[in-house]
Every structure is written in structure tokens, then in C-alpha cells.
K.L.:
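Handing you this structure, nothing more for now.
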Number of protein chains: 4
Amino acid sequence: MINVGIIGATGYAGGELVRILVNHPEVEIKWYGSRSYVDQKYADVYRNMFEIVEDKCFDDNIEKLVETVDVVFTATPQGYLAGVLNEELLKKAKFIDLSADYRLKDVNVYEEWYQIKHKSPELIEKAVYGLCEINREEIKGTNLVANPGCYTTCSILTAYPLVKEKIIEPNTLIVDAKSGTSGAGRGAKIPNLYCEVNESIKAYKVASHRHTPEIEEQLGYAAGEKICINFTPHLVPMNRGILVTEYANLKKKADGTYPSSEEIRKIYNKYYKNERFVRVLKEGEVPETRWVEGSNYVDLNFVVDERTHRVIMMGALDNLVKGAAGQAVQNMNLIFGFKEDLGLNFVPVFP
Amino acid sequence: MINVGIIGATGYAGGELVRILVNHPEVEIKWYGSRSYVDQKYADVYRNMFEIVEDKCFDDNIEKLVETVDVVFTATPQGYLAGVLNEELLKKAKFIDLSADYRLKDVNVYEEWYQIKHKSPELIEKAVYGLCEINREEIKGTNLVANPGCYTTCSILTAYPLVKEKIIEPNTLIVDAKSGTSGAGRGAKIPNLYCEVNESIKAYKVASHRHTPEIEEQLGYAAGEKICINFTPHLVPMNRGILVTEYANLKKKADGTYPSSEEIRKIYNKYYKNERFVRVLKEGEVPETRWVEGSNYVDLNFVVDERTHRVIMMGALDNLVKGAAGQAVQNMNLIFGFKEDLGLNFVPVFP
Amino acid sequence: MINVGIIGATGYAGGELVRILVNHPEVEIKWYGSRSYVDQKYADVYRNMFEIVEDKCFDDNIEKLVETVDVVFTATPQGYLAGVLNEELLKKAKFIDLSADYRLKDVNVYEEWYQIKHKSPELIEKAVYGLCEINREEIKGTNLVANPGCYTTCSILTAYPLVKEKIIEPNTLIVDAKSGTSGAGRGAKIPNLYCEVNESIKAYKVASHRHTPEIEEQLGYAAGEKICINFTPHLVPMNRGILVTEYANLKKKADGTYPSSEEIRKIYNKYYKNERFVRVLKEGEVPETRWVEGSNYVDLNFVVDERTHRVIMMGALDNLVKGAAGQAVQNMNLIFGFKEDLGLNFVPVFP
Amino acid sequence: MINVGIIGATGYAGGELVRILVNHPEVEIKWYGSRSYVDQKYADVYRNMFEIVEDKCFDDNIEKLVETVDVVFTATPQGYLAGVLNEELLKKAKFIDLSADYRLKDVNVYEEWYQIKHKSPELIEKAVYGLCEINREEIKGTNLVANPGCYTTCSILTAYPLVKEKIIEPNTLIVDAKSGTSGAGRGAKIPNLYCEVNESIKAYKVASHRHTPEIEEQLGYAAGEKICINFTPHLVPMNRGILVTEYANLKKKADGTYPSSEEIRKIYNKYYKNERFVRVLKEGEVPETRWVEGSNYVDLNFVVDERTHRVIMMGALDNLVKGAAGQAVQNMNLIFGFKEDLGLNFVPVFP
């Protein structure tokens, strides 16, 4: 049994952490941190928690917090954790950061894309990028996890095997991503109002979204070279879910032919057949966000287009679960030696 | 550990039974019954179950089924179970019927509202109406549960304490109910298409919906007299959830005054304070379906209108959980002596 | 050709006024008033207007405005118009007020329900309640129209014939209303965010909504007596549309029988057969908001419940059109002697 | 004043034709054709038309129809019109075909992608592809218009100027398209049910959708060479609207640089500045389907990505208006010499 604290417990990702952790058999939540709702009952902010969570929200006194808990989840704005974290705190508790502060190894890239001065660049090297399926072993030994972004988790897992196995030309990769609206957070802004989002779809931050360098960095490690891609997020009128549709040119093989659908399927299976939370669908099926909603699954599949010699890869996940809180708990399970899926065996809720 | 069979496993309520039961620690599902999908893999019908359920669908061979399982859930069209059930079968397995076949004690009322000849009226008396909060003790000893309807569960639980305690005039009761579209089932019909339901609301079966006599019968028991009410269902563009708004005249007390909000709150608390799945909200709060989605909770509250001397009672639940599959599992838990909330401790999913 | 000014042009009702008026053959919009967006291009606020409206937003200089235009529409917060209007202004331009400032004849009722001191109570008597189907002749001669609320338009028109003809007991009237989310306005508030509204339904302001006294006053005139009713609004996850479901006890006739469905249908037809924007549906049909969306229609129907001797009346309209901007333009047409449906012949948009 | 007949008047595109044409000042609808609803009142099928359309539906007696009307719109399944059309009929009436029968000039491509034998290949050459902004002059003189598909209208108009001006490498073009659910038609199929579509997004017909060769053929004419692209449609939980996000490599110029954003903007303006229904948005804005809903507009914009030397082009339209019925009426206006926007000056409906 471990004690847990959450800073930023009243955002959507924080709320999802609470939903998962209140039923986790090895966890007790000791700290519901929320600047906006200090001293208010958590269940007054999220009424689904009525009669489930009795605690009030605390402010973010991190010095006190690390005395109380074994692990701190930070679901906070960019720059917050980088501004307060230090070696002392890391000795006292593990940190799983759902923000982007320690995701990018190159601090210049971080500062350029986020337009924030990084306050603790010396800690970046200590952080492990918490994409469990790829960095499982490193995660087990760390005390600082950079929990991947929602778009990035989906984008990377979808393309990773084909990049790693050099099946595609990595610089031809185009990621067209579609997200439910919970990804936009709980801020009271006109563009997020019901009537503004409902019955519409749009792209946003075209060629400028901050998840771009994160995808490039991680897939670059897989490719063994720096890569440069296109990533375009879209806002979809639904609460949860991310779907990515990824396009890439197939590499011509030595014999002048292109990789076949069968070859590619073998590669996906090689990487993911034994993965608890990655489901490679059967041929002809497409990932749909409804089939993963509320769960920690990623559903993947692909189509080879023999006319254009491109492969179209598709991935779907729940942005608040595998794209945020679920993956954070999966990381926690790895760190503390729990079964990787402990507390995460949610069956997707449909309809 | 008990073995379970489901007849009608590929409707929405059947799918929800599967979602709940695959993680139930005392249950193994042995039989996925579905006329429409015989011999197809269950997970091909509901792809959320991919890599979770490996079984195929069977047809509804009930003779064979009762040899295999301890309990049979029937999520079937009206008349199906009444047409096949008999004493022999009831000796071999418990039955929890999600259809209306054994809900109404008066077979004439059944035949009038459902326009079906009841094939086994002699079994009606044996059935226990499975509204756990009201008939808990009878349920424990039965082998035939008539699992209440979704609208009726919500409508009855919302008004029950005030009817039972004679706070309201039962014949003034008006139930205005609003349901998500999963209540309409998975049939391929034009009125249930996305574009027909989305961005619209309508009443349907006004003054003629079959859940009316069920509410009247059960609340009649509470009132100690026959009652006659209005019930109007509405179709709402959302997947899950039922909200009922109920209106009734307060009974004038002997001293000429009307019951106060405080008195009424005490009565609700008396009946529901210790109920695991009924949450009486705080004063001033209203039930909202989003706060119960995916869970077995019913959220209740009320407002006394001193201008009109009426009380407006409100209740919200998830029609597929507390309104169908969750309550069925709660009944199963009671019958088999499991903890009443075993496998049902879902935290509502928000957003 | 008349000149028109709109104060509050950037709310949802203001936007709908613009949508209607830019194509009105007898109107030129001269003034797009918006405190929040002064000096910004109107089409930058509402991008549907790109290349349609070239003007910028002005502040609300009403003195200047009345020199420029023939009629002023105010889609403003409660209390605004009452605070600035006076006899001088009324001499210079007609006013059609979409707020509630002049709807209630009893200033005490206004001040009690709105919790605002009325700044120009002397003008209340001059105002005509702009429910065109009922007050057509008075509207034609006025220079101050109190444009009815969205809920009230629907609630009153639905019950009016039966109250007027004394078919129902007016004090048994219960109005259960359901509204799309545009009714909540364009304010940036958490409860109006997409993820908070989507996939949920709730009642709000139970027994305390400000449209209650407006319905009571107008139906009271029809009844020839003060009446007291229940009105409960609900928030529905859709952009537009109001549906009301109204319940009332039928009055027993002298011969001891109750009014029949045929008698009631005759009454509805008597009042509405020749009304351009009121459609009494055929027997057995129910009003649905999808069939009126984008148009100025109100669809009505009813069911007589012979078990309870109640009539269930139903009405549906588009809250931004017949419930706000459309009706305001209908009033303008009446005042200026245009054809009543000029610029309002929108066919409902489906799906 | 011309007389019009519609075959297939009860699908969603047919319904939209009716919505537009009943208010068209130069049109009288003489024939509501519908195999499924013969002899039923049209307004019983689409209740938005109650008290607007009094006619009944006829079957598709095309011989009789051409005696009655000046122009026939066919919103029919693939192969229908090709099976009945001939030179005689074309002498008697103009035909505007919303199906794909005459869109592809190469009958082999048609038969391969549609898996239908073309019954009147000799008429293909006579047909004009009805993309008004590109083929305006040819349309004016034709009696057979192949009205473009919804995806294709949006995809072609978005990329056309840059293909035509050789700014992009046409074979690198990737079209990622997102459509509302009305595009799936009104057939009663499980995948189109509300609960199956709502709260989900998916790709479908990946690398195999029939609009692919249509885009390739038309953009091929612009490019002056055969081109081969990727097109991926997605189903979005909304009623109306198509958004395309298109990716293409910029062609390096003779001086070794790439076309700038300013150069590209000039090109878009050159092609579309004077187009009534194409709106090139301001820099930094993105097309959103909500801003064109209910109207005949296409909104376009683009972003140059200097990191990848690609241009991301975006386009949004209402699939039932500019993507089907609106464009068909625009074609009709051209053929009959009416003002091109007659009856089409709809302001987009928001919200």
C-alpha cells in the first residue's frame, strides 16, 4: 500500500487520476491538490465523487506533500513542476509528471516550443519518458517520469514498429490527429463552450502544436536519426478519444519491391502481441475511439496502399486514460513493482 | 465462483452485462447467447471486448444452458422468457429477467399494455420484483427475479419515500422522464439513426408507455392503494442516462400546514442514507446524468415549491447500469450471498 | 426600407438577429452594438458572417443610435434598457426589447424575480407584450415591444387555447421544459463547456426560474384570473430548440364528462389554423425540435389521457428564432406594416 | 419560372434540394420522386415540410416526368440514372445527377471503383462535371450535369489553385477528410445508429473510397498529367459538414527556394476572390464546419510549414449544400441563366 498525492486534481486529467486511483487496491490518495478549489470538498467540484471521496482540496505545498506520500502526480500547467522540483524532493518521493516539463531532452527545443524558460534543466536527464511499452525497464528504476502527452502516446505507438524496423521513410510521416474536447481542458473559454464545439470540426495549431517535437524526438530515437514530420491536431465534438491517421512512404526494399501488408502485420505483432494494453486489430478493421473509451487500451491497425506505396497507420485511445491518467498509473505500477495492469483493467464502456 | 449465461448478450443491456461480469470476481460467463450472431465471435460484435472475451455466440438452447450455469440473465424481447420458462428450469438455475415478463403481478395488466398473451402466468407469483433497495430480503431467497425497467427504477426510487410516508397525494404524481438513446436498443431503425436523434428532443408514447403500470403497481404497494399517474418519456440526444422530474401535490397535514423541505429531507435520508447505490444530494443540488454515467448510482434530490404546494422530485441513473445490467448483477449478488456491491464499485466516468 | 440597430449583437440572440436581418428585403442594419467587441469587425466575432457583414461593432451610444435608425433591437442583460430608455428616445425610434425589462406589468413581480430595481417603471404600461399570435393588433401600434422569452413563447402558445376556453384547470398546469444550450448564452462559464453539457441532462432553477411569472401573467390574462403554476427548465445537450411538455387537469363539463380529444383539437384549430408560424400537428404526432430548427415555426400537439383526465400538451420551437430573434423580426414586421412573415420564410433545416 | 422534378427526394440530399427549391423564386417543384414512400405525403416523411409541401411522393416514372418538368435532379443510388437515361430524355429535359454515374470520364475507372457495369457509357462525354467554380462556362450550355461528390467538391476546390499553378507536387497530395454523418445517408443500418456514431471517430474505406478517382481525375486535368493521391474519409459525430486537411510537398523553385505564404495567398485570391461561394479566410484562421453550416459556402485556408516544406491546405463546406443540393441548384442557375446565387443566399446558421 502506497500513499499518493495529486497536484492539479481538479482538471480533467486530475479527475481521471482520482477515478482510477480510488479503486486501485494498493493506493491511498492522501492529497487532492487544487489551487482553484482550496478548502472545498473535492466531491463538490466533481459530483461523480459524491460519497466516494470525502476529502477537501489542499493547495500545492510540495514540501509538506513529499513528507506524506510515496508518489506525486502533477497534472499542472507547463513550467510548474520544473519551477519547484529539485534533488531533495526527488529523494523523498517519486514524481510522475503529466505536464511536458521533462519530456524533451533538448532544453532548447522545450524553450522554443513552449516559450517558457526551463527552471531545472539539470533534472531533464534524470527523467524517463514514460511510454511504458517502449521504456518499460528504465521506468522501473526511476523516480521521475515524464508522462507522455495524449497525442504523442497515440502517434508514437502507432508508428513506432515501422519506424524502428525502417519500413517507412520517417521524414515523410504525416500525423493527422483528431481529439475529443476534454483534451482542451476545463478552462472557462468561449471556444470550448458547448455551442462552439458541438456540430463542428476544425484543425488548430497547424504546423505549430507542441506535441510535434515530442513525437519527433521519440520516433527519432527509434529511427536512429533526427526526423522532421507534420502533425495536425483537430478538435472533434465528443468528450473523449484520440484517433490518429498517419501517412508515410514505404521504403523500397533491396529487391525493388515494397513491404507487403503481411510483412507489416508481422512487425506490429512482434512489438505488440504481448502488450497488455495495445491491441492490433484484425485485417480490415479500423480503430474507433468508442471501442477504447474509459479504458487504457490503444487500438491499432494499418492499410497498405499499393497505388501510392504508402502505408496508412491508425491508432485510437482514450486521451484521459492511456493518453494521461491511465498511463501515469501504469508508470506508477512499474515503479513500485505492482502488476502493470493493477487497477487498470477497465473494460471499455460502450455505448 | 458461479457460472453465468446470458440470453440476449448482443443488445445494449446484454453488452453491459458482459462489461460488468467479465470483471466480477465470483463469476465466469459460460454462455453468450445471441440469435442474431450465432457462431460469431462476441468480440466481433462488440469490439470493445477484443482480447477480453474470446467466446463465440450461442443460440438460445435453454435446456442445455441450465445444465451449464447457475444463473441465467435474459435480456430478451417481451414474451420470450414467459414462453420458455417452467418449474423444471427454475429448479436447475436462477433466472434474472431483464424483460418485463414477470414484473406485473396482474397478468391482465401485462396483456393489455404489452399486447402479448402471457404463456406462463402461473410463474408470476413466484417472481420477485428486483428493486433491491425495496425488496432486498425477498430477492435473497428467490430463483426468479423480475429485474425492473430503466424508467421504472428511476421513477420509483425517486418517489418511493414520499409515497410510503404519505407525504404526497399519489394520484397527483406526474413523471416527466428523459432518456438517452441506448434505451431505444440496437435495432436498425430510421428513427434511431444518428441524424434523426442528434440535435433534437421529443416525447414519445405519451400516456401509453408500458412502464406506466409498473410504476403504478409498485408505488401502489407503497401507498397501500391503487394509484393512477402520468408518465411521459422523452428521447434525449445522448448515449446513456435517465433523468426523471416528478411532480406531486403535498398532502396538507392535520395542522393545516404542508410538509417542509427539512421534513422531507429527513424522510429521504431515513430510506436511503445507508443505501450503497442511492445518493441523496445536498440541498440546492440537482441530479445530472453525467455524474452517474457508467456507475450503479441513483442520484436524488427534491425541491419544495411553497407557491404551489407541490414537491418536485428528481432522480438520475445510468439506464444500462442501475437501470438494467448493474441492478441485475446487484440482484445476483443478493441471491448468491455475495457482497451487494461486488463487481459494481464503478466510479462514474466524467467527462 | 428601414434602418435598424442592434444593441447586444454579439450574443447568440444578437447573432441570430443579424442572420435574419441581413437578408430581410426591407431592412438595412446600421449599427452592430457590442460592448465586448467595440471596434472589432463583426465577422471576426461570428465567422459565419465573413464576406456578408463588413461592419465593425460600435459601443452602445443610444442617443446617437436613435438618430440613425428606425428601430432598435436590444438583446441585452436584464436592466440595461430599463436604465436608459425614456420618452424622448421612444419618440425617435421603435424599440424591440429581447430582455425581460418590460415583459411583466407588475413591477414588484419583476423586482422580486429579477432582483433588480426597475429604473423606468413608468414605461411598463406603454410596452406591448410581443407575442404576435395573441397581441397582434396592439403590437401594430406600439413603439415599445417586450419581446417574450424563449421558454415563455413556447409555454404560452402551447397552453393558451385551452386556458382561454377554460378547458383546463389553470392552477394544475405544470410546464416541464427542455432547452438547447444556446439558451444559456455565450458567457465563458465552466457549466457551459462542451464536456460539462454533452452527454448529460439536468433540471435547473427548479421552482425559481424567472420565466415563471411571465407565463403566469400572460396565461392569467387568458384565464381571467391570477394563476400559479410549476415551471421546470432542463438543459439538453443540443445547440438549439425548446420542447415543452405541459400537464393539466381537464375541467369536468356540466354533463359530468371530460372534454374529448376531438373537442380539444377543434379549439387548437380555431386559434391557430390561420397562423403562419403555428403548426398544429396531426393526431398521434409529437412535436420534435429537429423539425423546427432554424425556422420561426412552433409545432404543437396534445394527448388526452382518459385514465387520469389530464391533457398533455407539447410544443416545440427554435429558441433563437421564434423564441427570440425571429419573433422580434415578426414584431418589427407588424409595427412597420410589412408582411408578417417577410424575411422569415425559413424552411426548417434538417438534419 | 421553371418546373422541377426530383428523383430520390426522400434521402438527405433530396430533402435538402426540397428545402432549397421551395423558396427558389424561379422554381416550382412538380415531382417528389421516392420509391420508398410512393403515395405518402412528402411532409409525412420530412415533418419540417409540414404546411410547406402538400404533395405526395411519386414513383420514378421518368418518361412521364420529362414531359412535366424542365429539369430533373437525380439523388439516386449509383447506376440508376445510367440505366435509364438516353438521348431522347436529354432532349426533353435537363438532368442534374447527384450520383456518380457521369462524373468519371474513364468508364473503366468507374466500373472498377463502383463495381457496376455502366449502362450508358456513350453519354459520359456529353456530361459536364458540375464544379461551378471551375467549369462554369461548360455548365451553362449542357443538358447533363454530373454534380460532384461532397468530399470531392471540398477536396478539389481546396487544392485546385496550387495544383493548377504547379506550386505543389501533385503526387504527394494526401487528403485527410472528415465528414458529418448525414453523408452516410438515411439507410437503417446499425453502424449509423445514434449510439454507434456518437462519441466516436473512425476512418473508413481507407485507400479504397470511391471519391478518390474523382479527385484524381479533376486535379489531374488541372495538373496536366495523371496523378495518384491518398484520400482517407472519417466519420465525425455531427450532422453536417466536411472538413478536409490536405498535405502536399511544395515544389522547389528555380532559385532553390520554396513558395512563400504570401505567394500562395496571392494564388488563392486570384482564383477565388471573385467567387460568390468560396471564402479564402484571413491568415491565421482555420476553416471550421460550423461557420458554413446550412449555406453554400466553402471556406478555405492554408499554412506553409517551413520545417517540412509542405503546405497544409484546409477546406470546409456543408456536405448537403455545397457538397450536394446547393451546388446542384447553382448548376441549375447556370444552365437556365438565372443569377448564380439565386435561392442560395443562405447565411450560415450558428450555433
Side-chain angles (χ1 to χ4, degrees), chain A residues 171-174 176 178-180 193-208 212 216 228-232 234-243 245 247 249 284 286-293 301-312 314 316 349-351, chain D residues 171-174 176-180 193-208 212 216 228-230 232 234-243 245 247 249 284 286-293 301-312 314 316 349-351:
Chain A
N171 289 306
T172 65
L173 186 65
I174 289 169
D176 191 283
K178 297 90 176 168
S179 174
L193 292 179
Y194 183 82
C195 290
E196 309 287 319
V197 172
N198 191 37
E199 294 297 293
S200 192
I201 183 167
K202 65 171 178 182
Y204 64 98
K205 293 189 183 159
V206 180
S208 61
T212 312
E216 289 177 344
C228 186
I229 67 159
N230 271 105
F231 170 74
T232 315
H234 295 77
L235 188 69
V236 180
M238 59 186 193
N239 285 349
R240 288 169 178 246
I242 283 179
L243 179 75
T245 314
Y247 304 86
N249 291 356
V286 288
E288 308 182 32
T289 63
R290 60 176 168 150
W291 300 125
V292 296
E293 190 179 327
N301 215 346
F302 68 92
V303 171
V304 169
D305 187 348
E306 297 184 353
R307 299 167 68 250
T308 59
H309 303 304
R310 290 196 192 102
V311 60
I312 299 101
M314 293 160 282
V349 179
F350 174 81
Chain D
N171 289 305
T172 65
L173 185 65
I174 289 170
D176 192 284
K178 298 90 178 165
S179 173
L193 292 179
Y194 182 83
C195 290
E196 310 288 319
V197 172
N198 191 36
E199 293 297 293
S200 194
I201 184 168
K202 66 171 178 183
Y204 64 98
K205 295 191 182 157
V206 180
S208 61
T212 313
E216 287 176 346
C228 186
I229 66 157
N230 270 104
T232 314
H234 296 76
L235 187 69
V236 180
M238 58 185 194
N239 284 349
R240 289 169 178 245
I242 282 180
L243 179 75
T245 315
Y247 304 86
N249 292 355
V286 289
E288 309 182 32
T289 63
R290 61 176 166 149
W291 300 126
V292 296
E293 192 179 326
N301 215 345
F302 67 92
V303 172
V304 170
D305 187 350
E306 297 185 353
R307 300 167 66 250
T308 60
H309 303 302
R310 290 195 191 102
V311 61
I312 299 101
M314 293 160 284
V349 180
F350 174 80

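Each chain gets a letter, A, B and so on, in the order its sequence line appears, and its residues count up from 1.
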K.L.:
Partners of D/N239 by side chain to side chain donor-acceptor pair (under 3.5 Å), sequence neighbours excluded?
P.N.:
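D/N239 satisfies side chain to side chain donor-acceptor pair (under 3.5 Å) with B/N198 only.
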K.L.:
Working to the nearest 0.5 angstrom, can you tell me the gap between D/R307 CZ and A/C228 SG?
P.N.:
4.0 Å
K.L.:
Go through D/P237, D/G241, D/S208 and name the one with the most non-hydrogen pairs under 4.5 angstrom from chain A.
P.N.:
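Looking at each of D/P237, D/G241, D/S208 in turn, D/P237 comes out on top.
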K.L.:
Taking A/L243, A/V303, A/V292, A/T289 one by one, which has the highest count of heavy-atom pairs under 4.5 Å against chain D?
P.N.:
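Maximum pair count with chain D is reached by A/T289.
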K.L.:
Relative to chain D, which segment of A/Y194 carries a heavy atom at a distance below 4.5 Å: side chain, backbone, both, or neither?
P.N.:
neither
K.L.:
What part of A/T212 lies closer than 4.5 angstrom to a heavy atom of chain D: side chain, backbone, both or neither?
P.N.:
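A/T212 touches chain D through side-chain heavy atoms alone.
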K.L.:
Under a 4.5 Å heavy-atom cutoff, which of D/N171, D/T245, D/N230 has the most pairs with chain A?
P.N.:
D/N230
K.L.:
Check each atom of D/P287 against the heavy atoms of chain A and say whether the ones under 4.5 Å are side chain, backbone, both or neither.
P.N.:
backbone
K.L.:
At their closest point, which heavy atom of D/H309 faces which heavy atom of D/E306, and how far apart are they?
P.N.:
CE1-O, 3.5 Å
K.L.:
CH2 of A/W291 to OG of D/S200: how many Å apart, nearest 0.5 Å?
P.N.:
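Going from the CH2 atom of A/W291 to the OG atom of D/S200 covers 8.0 Å.
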K.L.:
What part of A/I312 gets closer than 4.5 Å to chain D, counting heavy atoms only: side chain, backbone, both or neither?
P.N.:
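Only the side chain of A/I312 comes within 4.5 Å of chain D.
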K.L.:
Check each atom of A/L173 against the heavy atoms of chain D and say whether the ones under 4.5 Å are side chain, backbone, both or neither.
P.N.:
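Contact with chain D: backbone only.
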K.L.:
Going from NZ on D/K178 to NE2 on A/H234, what distance comes out if it is rounded to the nearest 0.5 angstrom?
P.N.:
3.0 Å
K.L.:
Salt bridge (Lys or Arg N to Asp or Glu O under 4.0 Å) with D/E196: which residues, sequence neighbours excluded?
P.N.:
A/R290, B/R186
K.L.:
Please look at D/V236 and chain A and tell me whether the side chain, the backbone, both or neither of the residue comes under 4.5 angstrom of a heavy atom of that chain.
P.N.:
side chain
K.L.:
What closest approach, in Å, do A/A203 and A/T232 show between heavy atoms, and which atom pair accounts for it?
P.N.:
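Shortest heavy-atom separation between A/A203 and A/T232 comes out as CB-CG2, 4.0 Å.
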K.L.:
What part of A/A316 lies closer than 4.5 angstrom to a heavy atom of chain D: side chain, backbone, both or neither?
P.N.:
neither
K.L.:
At a heavy-atom distance under 4.5 Å, which candidate from D/D176, D/T308, D/I229, D/N249 has the highest pair count against chain A?
P.N.:
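Max contact count across the listed options: D/D176.
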K.L.:
To the nearest 0.5 angstrom, please state how far the CE atom of D/M314 sits from the CD atom of D/E288.
P.N.:
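Reported value, rounded in 0.5 Å steps: 10.5 Å.
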K.L.:
Please classify the contact of D/I174 with chain A as side chain, backbone, both or neither, using a heavy-atom distance under 4.5 Å.
P.N.:
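Looking at D/I174, just its side chain touches chain A.
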